[in-house]
Amino acid sequence: MLVGATTFTVTRWSLLDQLDRELVEVAQTATSSVAADYADMGGLSAGLLAASNGLLAVVGADGTVEQLPGQDRDLPPGNEEIKVARLQVGSSARTIEGNGVTYRAVAVPMRLNDGTPVAVMFARPMSGLESTLGSLWVVLLIAGGLGVLTATLAALWTARAVLAPVRRLSQAVKSVTQTDELNPIRIYGRDDLGELTQLFNTMLRSLAQSREQQRQLIADAGHELRTPLTSMRTNVELLLADDSTGMLPPGARTEVLGDVAAQLGEFSALVGDLVALTRDDHLQRPHELVDLADVTVAAIERAKRRGPGIEFDAKLEPTPIMGDPSTLERAITNLLDNAVKFSPQDGTIRIHLSEGSLVIIDEGPGIDEADLPNVFDRFYRSDKARNTPGTGLGLAIVAHTAEVHGGSVKADNEPGAGARFTLRLPVLEPLDDPFLI
Ligand code: ATP
Ligand code: MG
């Protein structure tokens, strides 16, 4: 609007200036005819009117005025014209209103033949200029309006475009809090908002990861707690049955009670471990120097309590490694528990430990070739195992423990026997042994 008003003012000013110059030129040209008229007739003749196409008058220095005869309107002289007549320098220009018509009038100095100073005043209607300015005003008004409209629309569009990613981001945050789903947000552009979205996605990812870890920990904890609990219940049921029937041979009762006590100890140690594990930021315990043979012996003791009729044939070499004894013991127990679970009643489980490889072979049905690649997956159980107790987490925990200790675990079948599991862990070289340096 300001631009429109300025354009209008400047155009008006320059058009007026042009008109004035034009009028002054006509007035100056008229001076010679005026001089001739005065010389010939002592006054103005009507002939000038047609030639000048406007109003003409001669103004004296005393304010007297002589109009051109035949004009439809008088030209009343003002101070400006009288000044021009008196001083005989420059020119004047002003706008005259009257009878509903606006005139632009100029005055230029001249001297009559007898030397009398006068001013020739010449005026033309401003209708042409006014109509030009009127149209200009309309054009500027329309252009200005359109400009304002376009600018408003552009501003609205830009605001929408700029705010769209912000809206998407806040929508995503809202959906995370409302639905509890940690889905990543689509990233648009590489600007600050894109970066913010990326950071937000990273946060969502690590939240999802820690939620998954928590879920896994709870599932693993359930698994680890259930196993000793089950055998404890079996033993207690056995004692109860013996109370009413007296079926146990002498001394067996004490043995079963000893087992229950050991299992209770195992159970509370496990609860302690799990609580410590939940508090641990990295969900991982510090490693220390341990002999894998000792750990295996402890695991065999545990497994024996779950498979009373089964023979354990162990050949264990001392194997110094860096690790967490309780996690390792639980992993080996899981392997032995499986061996016990799938062994025939009076089967033998062979356990060999040498050069960092712990091999456990049972006399059960073995594992189908088709199942071999999947047995370490969480919750995977072969069709054959459906009627045995379990959740399918045991081997997943073993695989995770092996990985955390920089080792590996493998499943296959022993020709002429059952399943064979091989747990490999990096053995400390004598020089690595911190106690030997
Ligand atoms: P749990 O969670 O109680 O350990 P599970 O023993 O069935 O249940 P995993 O220990 O993970 O689960 O074993 C997964 C599957 O691998 C078993 O269901 C079984 O099909 C197979 N498997 C594991 N060990 C043996 C084995 N010694 N002999 C035959 N099959 C085995
Ligand atoms: Mg198992």
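Because only heavy atoms are used, hydrogens play no part in the values below, and waters and symmetry mates are left out as well, while side chains stay in. First listed ligand is number 1; within each ligand, the first listed atom is number 1. In this chain, numbering begins with 1 at the start of the sequence shown.
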request  = Using a 4.0 Å heavy-atom threshold (strictly under), name the region of Asp371 that reaches ligand 1: side chain, backbone, both or neither.
outcome  = neither
ask   = Just which atoms of ligand 1 are under 4.0 Å from any heavy atom in Tyr380?
value = 14 (C), 15 (C)
Result of checking Asp291, Leu289, Leu328 against Ile321 for side chain to side chain contact (heavy atoms under 4.5 Å, CB included) = Leu328
message = Which of the numbered atoms in ligand 1 are under 4.0 angstrom from any heavy atom belonging to Val375?
response = 14 (C), 16 (O), 21 (C)
task = Give a yes or no on whether Gln88 atom CD has more than 12 heavy-atom contacts from other residues, nucleotides or ligands under 6.0 Å away.
result = yes
query = Has Arg211 got more than 12 heavy atoms of other residues, nucleotides or ligands less than 6.0 Å from its CZ?
reply = yes
request  = Can you sort out which atoms of ligand 1 are near Ala419, meaning under 4.0 Å from one of its heavy atoms?
outcome  = 26 (C), 27 (N), 28 (N)
query = Under 6.0 Å from the CG atom of Asp313, do we count more than 12 heavy atoms belonging to anything else shown?
reply = yes
ask   = Taking everything shown except Lys83 itself, do over 12 heavy atoms lie less than 6.0 Å from its NZ?
value = no
query = Applying a 4.0 Å heavy-atom criterion (strictly less than), which segment of Phe376 is in contact with ligand 1: side chain, backbone, both, or neither?
reply = neither
ask   = Using a heavy-atom cut-off of under 4.0 Å, does the side chain or the backbone of Ala385 touch ligand 1, or both, or neither?
value = side chain
message = How far is atom 29 (C) of ligand 1 from the closest protein heavy atom, and which atom is that?
response = Gly366 O, 3.5 Å
inquiry  = Quick check on Lys384 - does any of its heavy atoms sit under 4.0 Å from an atom of ligand 1?
reply    = no
request  = Would you check whether Gly392 has a nitrogen or oxygen atom less than 3.5 angstrom from a nitrogen or oxygen atom of ligand 1?
outcome  = yes
key: Mode of Lys341 contact toward ligand 1 - side chain, backbone, both, neither (heavy atoms, under 4.0 Å)   = side chain
ask   = For the Mg ion (ligand 2), does an N/O/S atom of Asn338 lie at less than 2.8 Å?
value = yes
inquiry  = Using a strict threshold of under 4.0 Å (side-chain N to carboxylate O), is an ion pair present between Glu212 and Arg215?
reply    = yes
inquiry  = Determine whether Arg253 and Asp243 satisfy the following criterion, salt bridge (Lys or Arg N to Asp or Glu O under 4.0 Å), listing intermediate values before the conclusion.
reply    = CA-CA 10 Å; Arg253 211 179 151 77; Asp243 259 358; 3.2 Å; yes
inquiry  = I need the contact type for Arg226 against ligand 1. Using non-hydrogen atoms and a strict under-4.0 Å cut-off, is it side chain, backbone, both or neither?
reply    = neither
request  = Kindly indicate whether the side chain of Asn334, heavy atoms from C-beta on, has any atom under 4.5 Å from the side chain of His223.
outcome  = yes
